[in-house]
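Each remark here refers to the structure printed beneath this line.
Index from 1, following the sequence. Keep in mind it's a predicted model, so treat the numbers as computed, not measured.
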Amino acid sequence: MCMEVQKNQKPQICETCQQCDYEIEYADRSSSLGVLAKDKLHLVTPNGSITNLDVVFGCAYDQQGILLNTLSKTDGILGLSKAKVSLPSQLASKGIINNVVGHCLATDVASGGYMFLGDDFVPNWGMSWVPMLGSPLIEFYHTQLVKINYGSSSLSLGAKDSDKARVVFDSGSSYTYFTKQSYAELVSSLSEVSELGFIQDASDPTLPVCWRAPFPIRTIMDVKKYFKTLTLQFGSKWWIISKKFHIPPEGYLIISFPVMQKKGNACLGILDGSNVHDGSTFILGDISLRGQLVVYDNEKQKIGWGPSGCGKPSRFKSLPFFEG
């Protein structure tokens with residue numbers, strides 16, 4: 001496990017130390033430094049019995065970036081990647097679950113949502129599935145994007161290969177990131193709201209691009225109709241046979257309330273990803289994953305999604321009339 005964690009890190013100074021150091025950096029440049037530890041994880045099985053498992057986890061002692069600034073609200077980070085050290089991978093290696101992770105974040109932040117490990121809550125229908133890609137981002141959940149539209153207008157992918165780009169589904173990222181060219185074209189397309197009386201507000205430090213509206217803004221619903229849906233297209237450029245991931249305005253807009261202002265602003269929750277990963281990768285963060293049940297099936301190497309209110313999860317392992 002230690003070799004797995006350190007495979008992409010610099011050679012350790014102390015090769016004889018009786019500990020395994022780790023360092024991990026996230027898309028927002030936050031980082032965590034610590035050592036690996038092992039302890040008992042107590043799991044309650046469906047029949048009520050308790051299972052004690054030895055699991056490996058990181059004991060962090062040095063956080064930087066946003067993680068450092070939010071420690072009062074953060075007790076830790078739950079690793080859900082494809083890496084062997086992640087919790088689902090460890091549970092799967094012990095035969096506790098199939099290596100499947102799913103989450104559903106409600107569109108309304110106050111409504112919460114849910115997460116599950118294993119495949120009991122994966123629907124048998126109503127999901128769109130695309131294959132996971134392997135290297136080079138082996139531990140990330142990523143697939144291939146062939147086209148992206150803002151409304152009916154096509155945006156350039158801005159990747160090294162202009163015909164396709166990589167997209168990472170990243171629930172650990174608060175915002176969504178586009179490649180530099182795609183981001184610039186999106187911002188340019190969004191400038192059409194100026195014809196409707198929206199004025200870009202450079203004084204709002206919340207995010208790089210914010211607009212004041214000619215009327216009071218309290219929620220996303222107040223401005224939704226003035227913006228268009230983003231559509232990410234996977235698999236094929238042919239519209240009919242491709243798989244599409246729709247991001248409505250509430251999936252990329254954030255309402256901020258600048259200091260000393262009673263009226264809110266509409267801010268773009270999509271950022272320039274030039275300095276994230278290799279600069280040519282799209283990242284779908286929390287803001288754009290809301291209102292969708294997203295499933296990462298590491299057994300079948302595929303990613304799936306389907307619209308959901310993200311209320312209460314339903315078990316699909318058994319037929320409905322056999323459920324207790």
Counting only N and O atoms by type, is there a donor-acceptor contact under 3.5 Å from the side chain of [X] to the main-chain atoms of [Y]?
| X | Y | answer |
| --- | --- | --- |
| Thr179 | Ser280 | no |
| Ser191 | Ser188 | yes |
| Ser86 | Ser81 | yes |
| Lys228 | Asn149 | no |

Inspect the surroundings of [atom1] in [X] and state if more than 12 heavy atoms from other residues, nucleotides or ligands are less than 6.0 Å away.
| X | atom1 | answer |
| --- | --- | --- |
| Met1 | CE | yes |
| Lys300 | NZ | no |
| Lys244 | NZ | yes |

Less than 4.5 Å apart, side chain to side chain, heavy atoms only: is that true for [X] and [Y]?
| X | Y | answer |
| --- | --- | --- |
| Gln200 | Val209 | yes |
| Tyr226 | Trp211 | no |
| Ile270 | Tyr175 | no |
| Thr176 | Tyr252 | no |
| Asp297 | Val122 | no |
| Met132 | Lys302 | no |
| Asn265 | Pro258 | yes |
| Leu155 | Leu230 | yes |

Can you name the nearest heavy-atom pair linking [X] to [Y], along with the distance?
| X | Y | result |
| --- | --- | --- |
| Tyr150 | Ser189 | CD2-CB, 3.7 Å |
| Ser156 | Ser182 | O-CB, 3.1 Å |
| His246 | Pro248 | O-CD, 3.5 Å |

Treat each ILVMFWY residue as a node, draw an edge where side-chain heavy atoms are under 4.5 Å apart, and state whether [X] and [Y] are in one component.
| X | Y | result |
| --- | --- | --- |
| Met221 | Leu105 | no |
| Val193 | Phe215 | yes |
| Tyr22 | Val85 | yes |
| Phe57 | Val35 | no |

TODO: If the plane angle is over 60° it's perpendicular, under 30° parallel, otherwise tilted; pick one for Phe198 and Phe227.
DONE: perpendicular

Euclidean distance, [Y] [atom2] relative to [X] [atom1], rounded to 0.5 Å:
| X | Y | atom1 | atom2 | answer |
| --- | --- | --- | --- | --- |
| Leu78 | Leu87 | CG | CG | 5.5 Å |
| Gln233 | Leu145 | CD | CG | 8.5 Å |
| Asp286 | Ser171 | CG | OG | 6.0 Å |
| Leu289 | Cys104 | CG | SG | 10.5 Å |

- [ ] For side-chain contact (heavy atoms from CB on, under 4.5 Å), just list the numbers for Asp204 and Ser256, CA-CA rounded to whole Å, side-chain angles, deciding distance to a tenth of an Å, and then say yes or no.
- [x] CA-CA 8 Å; Asp204 188 345; Ser256 76; 2.5 Å; yes

- [ ] Tell me, with the steps shown, if Ile255 and Asp222 meet side-chain contact (heavy atoms from CB on, under 4.5 Å).
- [x] CA-CA 10 Å; Ile255 304 303; Asp222 294 333; over 6 Å; no

Task: Audit row: Leu133, Phe140, side-chain contact (heavy atoms from CB on, under 4.5 Å) steps and yes/no - done: CA-CA 9 Å; Leu133 296 182; Phe140 296 102; over 6 Å; no

Task: side-chain contact (heavy atoms from CB on, under 4.5 Å) between Asp170 and Tyr141, intermediate numbers included - done: CA-CA 7 Å; Asp170 185 8; Tyr141 294 118; over 6 Å; no

- [ ] With Tyr177 as reference, evaluate Thr281, Asn275, Ile283 under the side chain to side chain contact (heavy atoms under 4.5 Å, CB included) test and give the passing residue.
- [x] Ile283

Task: Under-4.0 Å salt bridge between Glu250 and Arg290 - done: no

Open item on the list: Could you check whether Asp201 pairs with Arg212 (Lys NZ or Arg NE/NH1/NH2 to Asp/Glu carboxylate O, under 4.0 Å)?
Closed with: yes

Task: Hydrophobic cluster partners of Val44 (side-chain heavy atoms under 4.5 Å) - done: Ile50

TODO: Determine, stepwise, if the pair Ser32 / Gln63 fulfils side chain to side chain donor-acceptor pair (under 3.5 Å).
DONE: CA-CA 5 Å; Ser32 177; Gln63 275 65 239; 3.0 Å; yes

TODO: Enumerate the residue pairs fulfilling side-chain hydrogen bond (donor to acceptor under 3.5 Å, both in side chains) with a member in residues 102-117, sequence neighbours excluded, ordered by first and then second residue.
DONE: His103-Tyr296, Asp108-Ser111

Open item on the list: For Pro307, give me all partners under side chain to side chain contact (heavy atoms under 4.5 Å, CB included), at least two apart in sequence or on another chain.
Closed with: Gln292

